[in-house]
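The model shown is predicted, which means the values in this text are computed figures rather than measured ones. Residue numbering restarts at 1 for every chain, and letters A, B, ... go by the order of the sequence lines.
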There are 2 protein chains.
Amino acid sequence: MKFDYDIYSDRCPTRAVLDRIADKWALLILDRLALGPTRFNVLRRDITGISQKVLSQTLKLLERDGLISRTAYPTVPVTVEYALTPLGENLTEAVAAFAHWAESNMEAIRKAQLAYDRRERRSDAGVTPKASR
Amino acid sequence: MKFDYDIYSDRCPTRAVLDRIADKWALLILDRLALGPTRFNVLRRDITGISQKVLSQTLKLLERDGLISRTAYPTVPVTVEYALTPLGENLTEAVAAFAHWAESNMEAIRKAQLAYDRRERRSDAGVTPKASR
DNA sequence: CGCACTTGGTTTCCAACGGAAACCTGAAAC
DNA sequence: GTTTCAGGTTTCCGTTGGAAACCAAGTGCG
């Protein structure tokens with residue numbers, strides 16, 4: 001079976017999907033949910049730096065795309081648990097490979113950045129590196 | 001060998017890397033470059049919808065991180081070719097898995113979206129789906 | 001009773017980012 | 001001299017993101 005989808009075309013619906021999953025926060029959420037169903041505030045505390053607004057938005061969109069499920073338990077206060085759906089689990093391997101590539105290659109990247117910045121300084125002007133803003 | 005990096009922590013340098021590669025445009029560029037070295041305007045034309053500004057910015061950042069290389073040939077007009085570095089090639093498998101997961105799972109996602117939107121309509125209010133803005 | 005505290009959000013405000021389009025540099029070709 | 005090409009940068013403006021405040025419902029505490 002072949003797909004007539006083309007990720008390089010902005011008219012292709014796959015682009016919208018890429019837009020959703022190729023996102024720092026979505027990736028971290030999916031990766032974290034791979035460890036098991038998790039409540040809203042636990043996600044918020046574990047994924048340092050995410051704001052409530054963005055967490056809530058991202059969860060809603062991931063739910064709409066069928067990657068995660070949301071279950072509210074009528075405890076007090078209400079408990080809301082998010083979990084991967086089978087479709088979402090389907091993606092976890094790729095997500096994990098991706099998210100943890102950074103951990104494995106951090107040294108090489110740091111070296112590359114230092115070399116680049118040294119070169120830039122020699123050749124004057126200089127792209128403003130994000131870190132120095 | 002263990003890494004004391006933690007992708008969930010916003011103080012971890014890996015978060016900055018994730019920030020860079022977990023980006024729609026960066027992914028598409030890396031995936032496209034996996035096919036071979038490519039000139040600026042070819043990238044711009046192939047990756048539909050990217051703006052020159054963002055393409056140029058993203059290329060610069062990917063170069064700084066050592067994932068791609070930039071080579072200018074003194075032709076007329078000047079030709080600039082971008083290519084994956086070994087470090088970048090190292091990442092292409094994960095990128096491809098990721099970028100093309102969308103193509104393989106498009107049907108399931110579309111179904112999930114339709115089901116979600118139908119449920120939303122029944123239960124009134126409704127999260128505004130991106131498509132209807 | 002009245003206040004604090006919990007979860008799971010939404011709202012508000014402002015700064016940062018992204019996209020569209022114009023502009024720029026340099027050289028050749030018309 | 002002005003049109004064309006590559007490869008960008010700049011400008012302008014609308015959308016998005018983060019920080020923090022606010023909110024509802026219910027329980028515990030004094």
Side-chain angles (χ1 to χ4, degrees), chain A residues 10-11 15-16 18-20 22-29 37-63 68-83 120 123-133, chain B residues 10-11 15-16 18-20 22-29 37-63 68-83 120 123-133:
Chain A
D10 62 345
R11 309 210 161 215
R15 191 57 91 69
L18 188 67
D19 220 1
R20 182 116 333 129
D23 169 75
K24 178 178 55 167
W25 299 125
L27 275 179
L28 287 170
I29 291 169
T38 312
R39 289 186 308 102
F40 184 88
N41 277 328
V42 173
L43 285 173
R44 187 156 78 90
R45 278 190 287 266
D46 283 8
I47 302 174
T48 325
I50 195 168
S51 70
Q52 288 197 205
K53 185 174 89 173
V54 171
L55 177 55
S56 138
Q57 276 174 357
T58 308
L59 287 169
K60 224 179 276 181
L61 291 172
L62 289 174
E63 191 197 355
I68 67 176
S69 64
R70 177 186 185 279
T71 317
Y73 298 101
T75 56
V76 136
V78 63
T79 300
V80 178
E81 202 170 72
Y82 292 92
E120 280 306 306
S123 64
D124 168 47
V127 174
T128 306
K130 202 172 190 180
S132 72
R133 275 186 202 160
Chain B
D10 62 345
R11 308 211 160 212
R15 189 61 88 69
L18 187 67
D19 220 1
R20 183 117 330 129
D23 169 76
K24 180 178 54 170
W25 298 126
L27 275 178
L28 286 170
I29 291 170
T38 313
R39 289 186 310 102
F40 184 88
N41 277 329
V42 174
L43 285 173
R44 187 156 78 89
R45 277 189 289 267
D46 283 8
I47 302 176
T48 325
I50 196 170
S51 70
Q52 289 200 179
K53 184 174 88 173
V54 170
L55 177 56
S56 134
Q57 276 175 358
T58 307
L59 288 169
K60 223 178 278 180
L61 290 173
L62 289 174
E63 191 197 356
I68 67 175
S69 64
R70 176 184 184 281
T71 317
Y73 298 100
T75 56
V76 137
V78 63
T79 299
V80 178
E81 201 169 73
Y82 292 92
E120 279 307 306
S123 64
D124 166 49
V127 174
T128 307
K130 201 171 188 179
S132 70
R133 275 185 204 160

**Report entry** Pair A/Asp19 + B/Lys24: basic N to acidic O under 4.0 Å
**Finding:**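 Looking at B/Lys24 together with A/Asp19, the answer is yes, because their closest N to O distance falls below 4.0 Å.
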Query raised in the report: Does any non-hydrogen side-chain atom of A/Thr58 lie less than 4.5 Å from one of A/Ile29?
Result: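 In short, these two side chains touch, coming nearer than 4.5 Å.
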Please report the distance, rounded to the nearest Å, between [atom1] in [X] and [atom2] in [N].
{"X": "B/Asp19", "N": "C/dA16", "atom1": "CG", "atom2": "P", "result": "15 Å"}
{"X": "B/Glu63", "N": "D/dG7", "atom1": "CD", "atom2": "C1'", "result": "14 Å"}
{"X": "A/Ile29", "N": "C/dG8", "atom1": "CD1", "atom2": "C1'", "result": "14 Å"}
{"X": "A/Asp10", "N": "C/dA20", "atom1": "CG", "atom2": "C1'", "result": "14 Å"}
{"X": "B/Phe40", "N": "C/dC24", "atom1": "CZ", "atom2": "C1'", "result": "14 Å"}
{"X": "A/Leu55", "N": "C/dG8", "atom1": "CG", "atom2": "P", "result": "10 Å"}
{"X": "B/Gln57", "N": "C/dG19", "atom1": "CD", "atom2": "C1'", "result": "11 Å"}
{"X": "A/Arg15", "N": "C/dG19", "atom1": "CZ", "atom2": "C1'", "result": "13 Å"}

Distance below 4.0 Å between [X] side-chain N/O and [N] OP1 or OP2:
{"X": "A/Lys60", "N": "C/dG9", "value": "no"}
{"X": "A/Ser56", "N": "C/dT10", "value": "yes"}
{"X": "A/Trp25", "N": "D/dG18", "value": "yes"}
{"X": "A/Tyr82", "N": "C/dT7", "value": "no"}

Query raised in the report: So, the side chain of B/Arg15 versus the backbone of A/Thr48: is there a donor-acceptor pair under 3.5 Å, distance only?
Result: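 Indeed, once roles are kept as given, a pair shorter than 3.5 Å links the two residues.
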Query raised in the report: Hey, does the side chain of B/Thr75 reach the backbone of B/Thr79 with a donor-acceptor pair shorter than 3.5 angstrom?
Result: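 Looks like yes, one N/O pair under 3.5 Å.
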Query - Residues in contact with DNA chain C, drawn from residues 68-80 of chain B - heavy-atom cutoff 4.0 Å - result: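 Only B/Val76, B/Pro77 qualify.
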Measuring from [X]:[atom1] to [Y]:[atom2], what's the distance to the nearest 0.5 Å?
{"X": "A/Leu27", "Y": "B/Asp23", "atom1": "CG", "atom2": "CG", "result": "11.0 Å"}
{"X": "B/Ile68", "Y": "B/Leu59", "atom1": "CD1", "atom2": "CG", "result": "4.5 Å"}
{"X": "A/Arg45", "Y": "A/Thr38", "atom1": "CZ", "atom2": "OG1", "result": "12.0 Å"}

Query - side-chain contact (heavy atoms from CB on, under 4.5 Å) between B/Leu55 and B/Leu43, worked out - result: CA-CA 8 Å; B/Leu55 177 56; B/Leu43 285 173; 4.2 Å; yes
Report task. Please work out which residues in residues 41-53 of chain B have a non-hydrogen atom less than 4.0 Å from an atom of DNA chain D and list them by number. Result ->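 B/Asn41, B/Gln52, B/Lys53, in order of number.
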**Report entry** With A/Pro77 via side chain to side chain contact (heavy atoms under 4.5 Å, CB included) - residues at least two apart
**Finding:**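 Here no residue qualifies.
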